[in-house]
Amino acid sequence: SSLVPVVTGTGTVLVVATDFGLYRRDLSADNYELISGNPGTGLPDGQVLDLVSIRRNDGSTIVYAGVPGQGVYRSTDAGATWSFVGLRET
């Protein structure tokens, strides 16, 4: 398992623990929240192998997550919720 941290630019850190999924932490809090498979987040349970954060000209951040066998998911709220974008069979 490896850890890949991504700072979203909104005071939130997303951490991929490749064997366990995606975790999210608000920098003002002391704990990490498991996002993968958590009801209401939209991100499926399981591994997240790729995470990309894109800072837009307007200051907002879009994050993309690659989930094996489930496809690519996008978050526009610092990783709190996710929507399926495509590539389900990858």
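Quick note: numbers below take in every heavy atom, side chains included, and nothing from hydrogens, waters or symmetry partners.
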Give a yes or no answer on whether the side chain of R24 reaches the backbone of A78 with a donor-acceptor pair at less than 3.5 Å.
-> yes
Hey, are the side chains of I35 and W82 touching, using non-hydrogen atoms and a 4.5 Å cut-off?
-> yes
Which residues satisfy the side-chain contact (heavy atoms from CB on, under 4.5 Å) test with N38, sequence neighbours excluded?
-> E33, T41
Check: R56 and I62 side chains under 4.5 Å, non-hydrogen atoms = yes
Taking side chain as C-beta onward, heavy atoms only, is L51 less than 4.5 Å from Y64?
-> no
Shortest non-hydrogen pair, F84 vs G71, comes out as CE1-CA, 4.2 Å
Under the side chain to side chain donor-acceptor pair (under 3.5 Å) test, which residues partner D58, sequence neighbours left out?
-> S60
Going by heavy atoms in the side chains, are V52 and V63 under 4.5 Å from each other?
-> no
Can you sort out the partners of S75 under side chain to side chain donor-acceptor pair (under 3.5 Å), two or more places apart, ordered by chain and number?
-> D77
Check for a donor-acceptor pair, side chain of S36 on one end and backbone N or O of L22 on the other, with a separation under 3.5 Å.
-> yes
